[in-house]
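Step one of this worksheet: look at the structure below.
Fair warning: this is a prediction, and the values are worked out from it, not measured in the lab. Just so it is clear, the values below take in all heavy atoms, side chains as well, and ignore hydrogens, waters and symmetry mates. Order of the sequence lines sets the chain letters (A, B, ...), proteins ahead of strands, with each chain counted from 1.
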Amino acid sequence: MSKKVEHNIKAYGNNFTTMTPGPFAIKLRTCKIWQFIRFIIINIKMLVVVRKSH
Amino acid sequence: MARLVVLGGGVSGHTAATFAAKWLGSAHEVVVVTPNSKWNWIPSNIWVGVGEMSKEEVTFDLAPVYAKAGINYKQAKAVSINPEGSDLVNKPFVTIEYTLAGREGMTENVEYDYLINATGPKLNFGATEGLGDANGLGEFTVSVCTADHAVHANEEFQKCIQKMKKGERQKFLIGTGHGLCTCQGAAFEYIFNIEHELNKAGVRDMADLKWISNESFLGDFGVGGLHMKSMGFAVSSKIFAESLFTERNVDWIIGAHVNKVEKGKVSYELLDGSMGEEEFDFSMLIPPFAGVGLKAYAKDGTDITATVFAPNGFMKVDAKYDAGTYENWKASDWPKTYQNPTYSNMFACGIAFAPPHPISKPMSSPNGTPITPTPPRTGMPSGIIGKAVAHSICDRILQGENAPLHEASMAHMGAACVASAGKGIFDGTAAAMTIYPVVPDFEKYPGTGRDTDYTFGEIGLAGHWIKHILHHLFIWKAKLKAGWTLIPE
Ligand SMILES: Cc1cc2nc3c(=O)[nH]c(=O)nc-3n(C[C@H](O)[C@H](O)[C@H](O)COP(=O)(O)OP(=O)(O)OC[C@H]3O[C@@H](n4cnc5c(N)ncnc54)[C@H](O)[C@@H]3O)c2cc1C
């Protein structure tokens, strides 16, 4: 999967100027340990916004 | 004994009615008028639309829940409001038409002391030629806006998968079906869930996926986009959205007003005035929303619909409807109490209230065609507003007519949104986002219009877990099971 995402970029097409995630960033998306940590952090961040909004 | 009548038992009306019933107790009456026998957790329709959930998992019967809550439930649709009563009746009333099996078409006048209009949107498929008509969805595209639509969408989707398995290439076109649509988030979720399912079915390489929407930039979502803190930068949602579309190999057309749908083809006009056509084998296009078409009559029978409702059919509330052009828009234009300016015992919440103007900057093509997202009112604001309105009315019933009204301006509240990008306990992903405030306040937060300390987003499996947990939590809450009041909107 190394640089698979980069291959989706079309020169001077719609997506030529965007950023694309590398293999490490993509792996982290579904890495269970990392995502468990993110789960806790995102929940805290969301609860803060929910509290501010009620 | 006072009577509160709530029109619409969706996200906003159900929240308002259930809290009002709890706060008022049996000394007063809460009536819910809503045409469906089942409550639907609409966000999970996306998963029904790709075969990952059944209709039964996203709906439940309303009658036992309302019986438990002591709510008088009328399975009917409201047709008109007489806020001053009529020649024959002194009290204000709503005319309803039953949809309940066995009583279909029968009408009744339901008197009220207070009224909440939470009728949500009319799915206005008829606004685009070929997308549908007055009866609803047309034959060329699918929809995920209702649970039944989503079941049908999945049936068509599965047929495409079978074709791809037999070696037939398929083109998927997902997005918005008109220049004035909202709810881009739902289409966003659907296209990435489709992509995820195609991968799972092993046919991704046989599919071309394309997004078409009325947003002037990808990631606008009808809220003018948002800036999120990431890696020390304040990064526009445009960058993140384009990145995700590129990563998942989904091409896009933006700034598009779809003006015609035919079998296997849409025609559209772009913001630069050019016209185009796009072919498809499978297409899900969100329709534009309008008010559900309630009428209003004065005591003498005069039609006062234009006094009570905005031209788009949504109910007028305490918003500034004469704010003028974009340059003059302010956060304070947005309603706070959702009270109708003419009739103080009438309120509107959720999608049913008329917003003062869009949130995204309005744009039109050189031909004069408006192509601009209309403002979304997602689940969290709809719930919070419903609860605030219920609170105001309960205070007035219990403490007297002068009790102060509760406020819930979208310019002062944030929203947490989790947009699914594929379902799976270990391989699912979702974009978890918070936005604060929903309506940007460029005076308070110059530049981005939002507080970037409370506006963030990231995509990953954690987001999917949250989305799945929220599915169960919100259905639990809507069923009024133990501790339901502790679950925030
Ligand atoms: C596919 C899809 C996915 C979505 N995903 C998300 C998401 O992930 N997160 C999120 O926050 N939001 C999401 N939304 C938006 C969310 O569903 C809405 O914000 C929310 O449903 C609005 O609540 P409401 O009560 O105003 O309208 P609704 O929930 O639509 O309720 C309106 C109710 O009024 C009833 N009604 C209609 N006409 C009448 C009448 N004449 N008389 C009486 N009752 C009537 C309807 O039957 C319905 O029960 C999604 C929307 C869609 C379509």
Side-chain angles (χ1 to χ4, degrees), chain A, chain B residues 211 218 235 238-254 380-381 383-384 387-388 408 410 412-418 421-422 424-430 432-438 451 453-466 469-470 488-489:
Chain A
M1 74 130 70
S2 58
K3 290 187 175 170
K4 185 173 161 272
V5 172
E6 290 174 23
H7 301 164
N8 292 339
I9 295 177
K10 291 172 190 71
Y12 294 92
N14 261 345
N15 64 13
F16 194 41
T17 53
T18 193
M19 61 178 193
T20 52
F24 184 63
I26 291 181
K27 188 93 199 132
L28 282 184
R29 299 249 180 93
T30 48
C31 164
K32 289 169 209 81
I33 298 167
W34 176 243
Q35 288 298 319
F36 181 70
I37 298 166
R38 297 310 302 165
F39 177 79
I40 294 167
I41 293 170
I42 296 169
N43 267 299
I44 294 169
K45 285 181 163 186
M46 285 189 159
L47 282 174
V48 170
V49 171
V50 168
R51 265 197 73 163
K52 271 176 81 74
S53 305
H54 276 71
Chain B
W211 171 259
L218 216 53
V235 186
K238 175 180 190 281
I239 303 284
F240 284 113
E242 289 184 351
S243 173
L244 184 64
F245 276 69
T246 305
E247 178 193 331
R248 308 278 284 262
N249 205 11
V250 177
D251 198 3
W252 65 84
I253 302 169
I254 45 167
M380 184 173 153
I384 293 178
K387 190 174 174 182
M410 281 171 60
H412 300 150
M413 86 172 66
C417 276
V418 191
I425 188 86
F426 294 125
D427 66 350
T429 51
M433 286 175 276
T434 63
I435 174 168
Y436 189 89
V438 177
D451 188 337
D453 285 339
Y454 302 103
T455 302
F456 83 97
E458 70 175 68
I459 184 162
L461 180 59
H464 171 70
W465 289 338
I466 295 172
I469 291 169
L470 287 179
E489 286 65 49

So what's closer than 4.5 Å to chain A heavy atoms on [X]: side chain, backbone, both or neither?
| X | result |
| --- | --- |
| Tyr454(B) | both |
| Ala415(B) | backbone |
| Glu458(B) | side chain |
| Thr246(B) | both |
| Met433(B) | backbone |
| Ile469(B) | side chain |
| Ile384(B) | side chain |
| Ala432(B) | both |

Exercise for review: For each of Leu47(A), Thr30(A), Asn43(A), Thr20(A), tally heavy-atom pairs with chain B at distances under 4.5 Å, and name the one with the top tally.
Suggested key: Thr30(A)

Check your understanding: What option among Arg51(A), Lys10(A), Lys32(A) has the most heavy-atom pairs under 4.5 Å with chain B?
Key -> Lys32(A)

Nearest heavy atoms of [X] and [Y], plus distance in Å:
| X | Y | answer |
| --- | --- | --- |
| Trp211(B) | Val250(B) | N-CG1, 4.2 Å |
| Lys45(A) | Phe456(B) | CB-CE2, 3.4 Å |
| Ala430(B) | Val418(B) | CB-CG1, 3.8 Å |

Review point. Can any side-chain N or O of Glu242(B) pair as donor or acceptor with the backbone N or O of Met19(A) at less than 3.5 Å?
Key: no

Review point. Going by the angle between their ring planes, with limits at 30° and 60°, are Tyr12(A) and Phe16(A) parallel, tilted or perpendicular?
Key: tilted

Exercise for review: Report yes or no: do Asp251(B) and Asn14(A) form a side-chain donor-acceptor pair below 3.5 Å?
Suggested key: yes

Practice item. Indicate whether any N or O donor in one side chain lies under 3.5 Å from an N or O acceptor in the other, for His54(A) and Glu489(B). Key: yes

Exercise for review: Could you have a look at His412(B), His464(B), Glu247(B), Lys387(B) and say which one has the most heavy-atom pairs with chain A under 4.5 angstrom?
Suggested key: Glu247(B)

Practice item. Pick whichever of Gly414(B), Ser243(B), Pro437(B), Ala416(B) has the most heavy-atom pairs under 4.5 Å with chain A. Key: Ser243(B)

Review point. Should Asp453(B) and Tyr436(B) be marked as a side-chain contact (heavy atoms from CB on, under 4.5 Å) after you check the CA-CA gap, both sets of side-chain angles, and the distance that decides it?
Key: CA-CA 9 Å; Asp453(B) 285 339; Tyr436(B) 189 89; over 6 Å; no

Practice item. Measure distances from Val50(A) to the heavy atoms of chain B and classify the residue's part below 4.5 Å as side chain, backbone, both or neither. Key: both

Practice item. Take Leu461(B) and Trp34(A) through the side-chain contact (heavy atoms from CB on, under 4.5 Å) test and state the conclusion after the steps. Key: CA-CA 9 Å; Leu461(B) 180 59; Trp34(A) 176 243; over 6 Å; no

